[in-house]
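Side-chain atoms are counted along with the backbone in the values below, which use heavy atoms only and exclude waters and symmetry mates. Worth saying up front: this structure is predicted, and the values here are computed from it rather than measured.
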Amino acid sequence: MNFASTGLEGCFHGRHINPQILAGLDGANWGLDGYVARGGYAALRKVLGADGNGGMTPEQVIAEVKASGLRGRGGAGFPTGLKWSFMPRQFPGQKYLVCNTDEGEPGTFKDRDIIRFNPHILIEGMAIAAYAMGISVGYNYIHGEIFADYERFEEALEQARAAGYLGDNILGSGFSFQLHASHGFGAYICGEETALLESLEGKKGQPRFKPPFPASFGLYGKPTTINNTETFSAVPWIIRNGGQAYLEVGKPNNGGTKIFSISGDVARPGNFEVPMGTPFTKLLELAGGMRDGRALKAVIPGGSSAPVLPAAIINDCTLDYDSIAKAGSMLGSGAVIVLNDTRCMVKSLERLSYFYQHESCGQCTPCREGTGWLWRVVQRIEHGRGRAEDLDLLNSVSDNIAGRTICALGDAAAMPVKSFVKHFRAEFEYHIEHKTCMVPAYL
């Protein structure tokens, strides 16, 4: 499988929104001057009244975000405006805003392109969110394996501070917001919001029990709101143009655009920003179709933790939370991994299972022991040592992991196994019976 990012070579801009999160970008115009020329920081000026129109109250900002139908773009799809409303605005002590740019999901590479090619849109979105929730300090937790992008974001922060868009008394409004970047350690588990908070505090990145939730007990024990990079980056357009306009770009309950990271067996892998509800077949067309003219076999639609869907199902799907869920998978982070007819599904699952047993933090027994068990069973099937009872064993172990762990990594390991066995059982049975792959070696 090809999990590598190719940057913005395949970037597509939905025709309803201009500019988009990734609109008109290349390596040369990522800085403050280019962003302002594209209309950047106009939303922050509008919110703070620096445009001469009186500004917006925090309640008005949250109401616009609620009206937009914006849902968390990191995978969970929770309504953003509702999450913001959970923050206790009158809390007398320190509160925190955190951006999750710990992008460790195989197949996902959108957030790193945002901070590489358009970092100021994230800074502006976080500043607006901080104003709406009465927060004065924020952090962007950036995945440990993308240090060059971390440095780019640090440079953008310096530009924003120098121009008065961050710091004390922003644009003379009386509102102050300090934003810092924090470099992660490359652990997949730190993408889970409470493990991220533990890591940000300088501790081992392990998930916390919930409740209490971060809105009441988050970073350093203080109320904290955490959103994904793409989620914050959608906010400036919403404020400039209105929540209703954003909602109308997509479809009911699935407003706005979504950046899909498409990789694998396509002619033109990359990031494509399209309206929510775009048919999968359209996204595949934008990515240049199948590489080498091969037939589509399967798609993992939401990052490696999402259940796989065979071609016959995914070809009838639109790319939104509800359609993909109805088909038996999830939109997740929007990482679309495409597999052609030369791919052995047993070998593909072996690779995914290895990843999850390697990345388990070991805190929960079902995940610590179960993920290794799953990988060893799939590995022996792939290498000709499988047994007839192994497929039922895989389902049984998966059922005893899912829903029994502190965080969702256990589910992320179990769901691919069950879906691969469900949709491609014949391949697994062939491996067990014939001790070899049913996909001809010459393909």
Participant: Verify the distance criterion only: is there a donor paired with an acceptor across the side chains of N118 and R38 at less than 3.5 Å?
Facilitator: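 A donor-acceptor contact under 3.5 Å links the two side chains.
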
Participant: Parallel under 30°, tilted from 30 to 60°, perpendicular over 60°: which one fits the rings of F175 and F177?
Facilitator: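 The arrangement is parallel - the two ring planes meet at less than 30°.
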
Participant: How close do V299 and P301 get, heavy atom to heavy atom, and via which atoms?
Facilitator: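 V299 and P301 have their closest heavy atoms at O-CD, 3.4 Å.
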
Participant: Is a side-chain N or O of T278 found less than 3.5 angstrom from the main chain of P275, in a donor-acceptor match?
Facilitator: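 Yes, the answer is positive, given that a donor and an acceptor are paired below the 3.5 Å cut-off.
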
Participant: Do the side chain of Q244 and the main chain of S68 share a donor and acceptor less than 3.5 angstrom apart?
Facilitator: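 A pair under 3.5 Å: no.
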
Participant: Please tabulate, one pair per line, all N/O donor-acceptor pairs under 3.5 Å involving side-chain atoms of residues 125-135, not counting sequence neighbours.
Facilitator:
from: Y131; atom 1: OH; to: M56; atom 2: O; distance (Å): 2.5

Participant: Hey, is E192 close enough to K210 for a salt bridge, meaning N to O under 4.0 Å?
Facilitator: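 So E192 pairs with K210 through a salt bridge.
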
Participant: Between Y354 and W375, is the ring centre distance below 6.0 Å?
Facilitator: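 Yes - the distance between ring centres of Y354 and W375 falls below the 6.0 Å cut-off.
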
Participant: Could you go through the side-chain hydrogen bond (donor to acceptor under 3.5 Å, both in side chains) check for T108 and S333 one step at a time?
Facilitator: CA-CA 7 Å; T108 310; S333 62; 2.9 Å; yes

Participant: Ignoring hydrogens, what is the shortest heavy-atom contact between G191 and N100? Give both atom names and the distance.
Facilitator: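 Closest approach of G191 to N100, heavy atoms only: O-ND2, 2.8 Å.
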
Participant: In terms of side-chain geometry, is the basic nitrogen of K110 or E273 positioned less than 4.0 Å from the acidic oxygen of its partner?
Facilitator: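 Salt bridge flag = no for E273 with K110.
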
Participant: Using 0.5 Å steps for rounding, measure from the OG atom of S182 to the CD1 atom of I142.
Facilitator: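 The CD1 atom of I142 is 8.0 Å from OG of S182, to the nearest 0.5 Å.
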
Participant: Would you list the pairs meeting salt bridge (charged side-chain N to carboxylate O under 4.0 Å, His left out) in which at least one residue belongs to residues 128-149, sequence neighbours left out?
Facilitator: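 The answer is R116-D149.
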
Participant: Answer whether the closest heavy-atom distance between the side chains of L200 and Y220 falls below 4.5 Å.
Facilitator: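 No, side chains not in contact.
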
Participant: If I compare all heavy atoms of E105 with all of G302, which pair ends up nearest, and what's the gap?
Facilitator: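 Closest heavy-atom pair between E105 and G302: OE2-O, 4.2 Å.
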
Participant: Atom CD1 in I262, atom CZ in F109: separation rounded to 0.5 Å?
Facilitator: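 Those atoms lie 8.5 Å apart.
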
Participant: Ignoring hydrogens and angles, tell me if any N or O in the side chain of N169 forms a donor-acceptor pair with the backbone of S173 under 3.5 Å.
Facilitator: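 Checked: pair present.
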
Participant: Between the side chains of E201 and R208, is the shortest nitrogen-to-carboxylate-oxygen separation below 4.0 Å, so that they form an ion pair?
Facilitator: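 Salt bridge flag = yes for E201 with R208.
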
Participant: What is the distance from atom NE2 of H183 to atom CD of E154, rounded to the nearest 0.5 Å?
Facilitator: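 Those atoms lie 10.0 Å apart.
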
Participant: Going through the checks in order, is the side-chain hydrogen bond (donor to acceptor under 3.5 Å, both in side chains) test met by T281 and N315?
Facilitator: CA-CA 6 Å; T281 52; N315 278 332; over 6 Å; no

Participant: Take atom CZ in F78; do more than 12 heavy atoms of anything else shown fall under 6.0 Å from it?
Facilitator: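 Yes, because the 6.0 Å sphere around CZ of F78 holds more than 12 heavy atoms from other groups.
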
Participant: Would a distance-only check, ignoring hydrogens and angles, find a side-chain to backbone donor-acceptor pair under 3.5 Å from S323 to C317?
Facilitator: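 Absent.
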
Participant: Using only atom types and a distance under 3.5 Å, with no angle test, would you say the side chain of S199 pairs donor to acceptor with the backbone of A195?
Facilitator: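 A pair under 3.5 Å: no.
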
Participant: Can a salt bridge be assigned to the pair K297 and D341 using a cut-off of 4.0 Å between side-chain N and carboxylate O?
Facilitator: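 No, this pair does not count.
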
Participant: Should T225 and F86 count as side-chain neighbours, where that means a heavy-atom distance under 4.5 Å?
Facilitator: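 SC-SC contact between T225 and F86 ruled out.
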
Participant: State plainly whether the residues R343 and D265 are in salt-bridge range, i.e. N to O under 4.0 Å.
Facilitator: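 Salt bridge between R343 and D265, a charged N being under 4.0 Å from a carboxylate O: yes.
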
Participant: Could you pull out the closest heavy-atom pair between H120 and A160, with the gap in Å?
Facilitator: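 Smallest interatomic distance, heavy atoms only, reads CE1-N, 4.0 Å.
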
Participant: Are the side chain of K46 and the backbone of I239 linked by a donor-acceptor contact shorter than 3.5 Å?
Facilitator: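 Checked: pair present.
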
Participant: Has the side chain of S348 got a donor or acceptor atom that lies under 3.5 Å from a matching backbone atom of M345?
Facilitator: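 Not at all, since once roles are kept as given, no pair shorter than 3.5 Å links the two residues.
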
Participant: With rounding to the nearest 0.5 Å, note down the distance linking CG in L70 to OG1 in T257.
Facilitator: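 Those atoms lie 9.0 Å apart.
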
Participant: Apply side-chain hydrogen bond (donor to acceptor under 3.5 Å, both in side chains) to the pair D168 and Q178, showing each step before the final yes or no.
Facilitator: CA-CA 8 Å; D168 295 330; Q178 309 293 338; 3.0 Å; yes

Participant: So, are K347 and E350 salt-bridged, with charged N and O less than 4.0 Å apart?
Facilitator: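 E350 and K347: not salt-bridged.
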
Participant: Quick one: pull up CD in E427 and CG in L349 and give me the separation to the nearest 0.5 Å.
Facilitator: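 Going from the CD atom of E427 to the CG atom of L349 covers 11.0 Å.
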
Participant: In the structure I gave you, are the side-chain heavy atoms of L179 and Y165 within less than 4.5 Å of one another anywhere?
Facilitator: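 Contact flag for L179/Y165 side chains = no.
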
Participant: Indicate the atoms forming the closest heavy-atom contact of I300 with A306, along with that distance.
Facilitator: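 Distance-wise, the nearest heavy atoms are CG2-O, 3.4 Å.
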
Participant: Going by the side chain to side chain contact (heavy atoms under 4.5 Å, CB included) test, name the single residue among I114, L122, T80, I121 that passes it with F232.
Facilitator: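 That would be L122; it is the only one of I114, L122, T80, I121 passing the side chain to side chain contact (heavy atoms under 4.5 Å, CB included) with F232.
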
Participant: Could you check whether any side-chain N or O of Q159 sits under 3.5 Å from a backbone N or O of L32, counting only pairs where one atom can act as donor and the other as acceptor?
Facilitator: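 Present.
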
Participant: Going through the checks in order, is the side chain to side chain contact (heavy atoms under 4.5 Å, CB included) test met by S353 and V417?
Facilitator: CA-CA 8 Å; S353 296; V417 172; 3.9 Å; yes

Participant: Tell me which one of T231, D320, N253 satisfies side chain to side chain contact (heavy atoms under 4.5 Å, CB included) with R71.
Facilitator: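 Single pass found, and it is N253.
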
Participant: T342 versus D292: any side-chain heavy-atom pair under 4.5 Å?
Facilitator: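 Of all side-chain heavy-atom pairs linking D292 with T342, none is under 4.5 Å.
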
Participant: Before we go on, tell me: are the rings of F272 and F260 under 6.0 Å apart, centre to centre?
Facilitator: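 Ring-ring flag for F272/F260: false, centres at least 6.0 Å apart.
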
Participant: What orientation do Y35 and Y41 show, parallel under 30°, tilted 30 to 60°, or perpendicular over 60°?
Facilitator: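 Ring orientation, 0 to 90° scale: perpendicular.
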
Participant: Could you walk me through whether E64 and Q60 pass the side-chain hydrogen bond (donor to acceptor under 3.5 Å, both in side chains) check?
Facilitator: CA-CA 6 Å; E64 285 295 342; Q60 287 173 325; over 6 Å; no

Participant: Aromatic contact between F153 and Y150, with the criterion being ring centroids under 6.0 Å apart: yes or no?
Facilitator: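 So the answer is no for these two rings.
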
Participant: Would the number of heavy atoms belonging to other residues, nucleotides or ligands and lying under 6.0 Å from NE2 of H180 be above 12?
Facilitator: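 Atom NE2 in H180 is crowded, with more than 12 foreign heavy atoms closer than 6.0 Å.
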
Participant: Rounded to the nearest 0.5 Å, what separates atom OG in S329 from atom CD1 in I313?
Facilitator: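 S329 OG to I313 CD1: 9.5 Å, rounded to 0.5 Å.
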
Participant: Grab the two heavy atoms, one from S305 and one from A412, that are nearest each other, plus how far apart they are.
Facilitator: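 Between these two residues, the closest heavy atoms are CB-CB, 3.3 Å.
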
Participant: Look at the rings of Y356 and Y188 and say which category their plane angle falls in: under 30° parallel, 30 to 60° tilted, over 60° perpendicular.
Facilitator: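 Correct class here is perpendicular.
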
Participant: Does the side chain of C190 reach to within under 4.5 Å of the side chain of F185, using non-hydrogen atoms?
Facilitator: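 When only atoms from C-beta onward are counted, F185 and C190 do not touch, as no gap falls below 4.5 Å.
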
Participant: Salt bridge or not for K204 and E198, using N-O below 4.0 Å?
Facilitator: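 Answer for the salt bridge query: no.
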
Participant: Using modelled atom types only, decide if a donor and an acceptor are shared between the side chain of K83 and the backbone of I226 within a distance under 3.5 Å.
Facilitator: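 Yes, the answer is positive, given that a donor and an acceptor are paired below the 3.5 Å cut-off.
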
